[in-house]
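Some notes on the structure that comes next.
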2 protein chains.
Amino acid sequence: MSLSHAILGLLTITPMTGYELKNEAFDTTIAHFWQADQAQIYRTLAAMAENGWVKVELEIQEDRPNRKVYSITEAGREELRRWLHTEQPLPIHREPFLVQMFFASALDDATILDHIARQRRGHEARLAQYQRIPVPPLGDPALDRTRTFWRLTLEMGIAMERAYLAWLDQCEAVVRGMRDDEAGERA
Amino acid sequence: MSLSHAILGLLTITPMTGYELKNEAFDTTIAHFWQADQAQIYRTLAAMAENGWVKVELEIQEDRPNRKVYSITEAGREELRRWLHTEQPLPIHREPFLVQMFFASALDDATILDHIARQRRGHEARLAQYQRIPVPPLGDPALDRTRTFWRLTLEMGIAMERAYLAWLDQCEAVVRGMRDDEAGERA
DNA sequence: CTATTATATATGTAAAGTCATATAAAAGCG
DNA sequence: CGCTTTTATATGACTTTACATATATAATAG
């Protein structure tokens, strides 16, 4: 359960509601390398409260639904500290498009080029989104220790998207350059 | 269920048992961008047989456990063809190490450098493994249409691992170069 | 000669992730 | 004035993934 550790980390910054955690903290930071939906975050928070890793304060609001503000406990800090010292497994990638490309020889070139173009638009959008995140670049004197690590993870996100785009260019070039005698059966 | 489509694709090459599918076909190809364990593959094959996408032939063996050889049916080919034409979602990355790095400011530099070194060893091993896969490089005349796409997905795997290694170098350089006045509280 | 690895399939269980939907009311938009 | 978005939490239902374990035998390694 890396999700609970991500949440613990975010709660060290400031106490938050599940809603804020999801929409303000999580989705703008960790979601780039660890996705979770609203249901998962709420359920994980409930489990963490039972563990004693976080505590809840109910804020009654009259004009709004009540807020449950979660904050990290000493036990939670301890658990986060422990987890931060453990070795992490290598990343797991789920790439349906790569599965498709692996078997793309059965498709005609126009369809493949269309698939490539769509993937490119998606990755361009992701890259643009990353580049709008306001964290000072490496070397900037405004970068403190905390933000240095934020910046490093962002650098990885940007590097990944650039690698995808470069690869998509390569795919396109290869498909466009394929001679007919490389053509097998197609669907 | 992209796994069943991956299996369909592999079964277009040749009929196979679940065992062969897992240990000979899947793990040496698609596992790099779509992981699945033995239990999942066996259960997915059973579901696909119920769907009519594959059919089974029982080979009775005396000295060995019996083999169930799966082959793709016309309905399976049709489904694969349909799926190959659909647009695929962007990749999902689960990167526990990136979560850890995001909160690494709480760790001392030596621990961080150790984490980085361990990740590097893992990625170096993956890269070496990819580079041992015997698929002719792009441009090689021995590369037919089918293998061209295999090679392209391999190129992506190699590019990914190189991007990771470059990023780990960057992380290491940044951590080594951090001055004490960038140091915050640590655990 | 024993222990491990390879061949081959199956299942129980739990954790994690996805998708949809329910409730409730304010604020903003056209 | 009605429609959509934002704020805020909750749960049902399902699928997918992961981890462990069971069975059985041959071949290989030490």
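Letters A, B, ... are given to chains in the order of the sequence lines, protein chains preceding strands, and every chain is numbered from 1.
In summary, the side chains of His5(A) and Gln100(B) do not present any donor paired with an acceptor at a separation below 3.5 Å, with no hydrogens or angles considered. Checked by atom type, the side-chain pair Glu155(B)/Thr153(B) shows no donor-acceptor distance below 3.5 Å.
If you measure from atom CZ of Arg67(A) to atom C1' of dT9(D), you get 12 Å, rounded to the nearest angstrom. Distance Lys68(B) NZ to dA24(D) P: 17 Å, rounded to the nearest Å. One interatomic measurement links the two molecules: CG of Asp27(B) to P of dT7(C), which rounds to 12 Å at whole-angstrom precision. Rounded to an integer number of Å, the gap from CE of Met16(B) to C1' of dA8(C) is 15 Å. For the pair Leu45(A) CG and dA16(C) C1', the computed distance is 16 Å after rounding to whole Å. Atom P of nucleotide dT11(D) and atom CD1 of Ile41(A) are separated by 17 Å, given to the nearest angstrom. With rounding to whole Å, Glu57(B) atom CD is found 16 Å from dA8(C) atom P.
Contacts between residues 49-56 of chain B and DNA chain C, counted as heavy-atom distances below 4.0 Å, involve no residue at all. DNA chain D lies under 4.0 Å from no heavy atom of any residue of residues 3-13 of chain A.
Glu57(A) places no side-chain N or O within 3.5 Å of a backbone atom of Lys55(A) that could act as its donor or acceptor partner. Side-chain N or O atoms of Asp108(A) include one that pairs as donor or acceptor with a backbone N or O of Ala110(A) at under 3.5 Å.
Counting non-hydrogen atoms of neighbouring residues, nucleotides and ligands closer than 6.0 angstrom, the CZ atom of Arg77(B) exceeds 12 such neighbours. Within 6.0 Å of the CD atom in Glu74(B), the count of heavy atoms belonging to other residues, nucleotides or ligands exceeds 12.
Contact annotation: Thr17(B) side-chain N/O to dT9(C) OP1/OP2 distance is under 4.0 Å. The side chain of Tyr19(B) places an N or O atom within less than 4.0 Å of a non-bridging phosphate oxygen (OP1 or OP2) of dT7(C).
Using the six-membered ring where Trp is involved, His32(A) and Tyr130(A) have ring planes that are perpendicular, over 60° apart on the 30 and 60° scheme.
Nearest to the side chain of Tyr42(B), among dA10(D), dT7(D), dA8(C), sits dA8(C).
Aromatic ring centres of His93(A) and Phe33(B): separated by at least 6.0 Å.
Grouping the Ile, Leu, Val, Met, Phe, Trp and Tyr side chains by contacts below 4.5 angstrom, directly or via other members, places Met156(A) with Val135(A).
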| said: Walk me through whether Asp114(A) and Thr111(A) qualify under side chain to side chain donor-acceptor pair (under 3.5 Å). | reply: CA-CA 5 Å; Asp114(A) 186 55; Thr111(A) 305; over 6 Å; no
Under 3.5 Å donor-acceptor pairs involving side-chain atoms of residues 6-31 of chain A, not counting sequence neighbours:
unit_1	atom_1	unit_2	atom_2	d
Thr12(A)	OG1	Gly9(A)	O	2.5
Thr17(A)	OG1	Tyr19(A)	N	3.4
Thr17(A)	OG1	Glu20(A)	N	3.0
Glu20(A)	OE1	Thr17(A)	N	3.0
Glu20(A)	OE2	Arg67(A)	NH1	3.3
Lys22(A)	NZ	Asp27(A)	OD1	3.1
Lys22(A)	NZ	Asp27(A)	OD2	3.1
Lys22(A)	NZ	Ala36(A)	O	3.3
Asn23(A)	ND2	Tyr19(A)	O	3.0
Thr28(A)	OG1	Glu24(A)	O	2.6
Thr28(A)	OG1	Ala25(A)	O	3.1
Thr29(A)	OG1	Ala25(A)	O	2.8

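The salt bridge (charged side-chain N to carboxylate O under 4.0 Å, His left out) analysis of residues 87-106 of chain B, with sequence neighbours excluded, yields the pairs Arg118(A)-Glu87(B).
Ion pairing between Asp169(B) and Arg120(B) holds under the 4.0 Å rule for side-chain N and carboxylate O. Taking a cutoff of 4.0 Å between a charged side-chain nitrogen and a carboxylate oxygen, Asp37(B) and Arg43(B) do not qualify as a salt bridge.
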| query | What is the per-nucleotide protein-contact pattern of nucleotides 18-23 of chain C, from the 5' end, where B denotes a base atom under 4.0 Å from a protein heavy atom, S denotes such proximity for sugar-phosphate atoms only, and - denotes neither? | reply | BB----
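For the helix from dC1(C)-dG30(D) to dG30(C)-dC1(D), the axis fitted to the five pairs at one end and the axis fitted to the five pairs at the other end meet at an angle of 50° (nearest 10 degrees).
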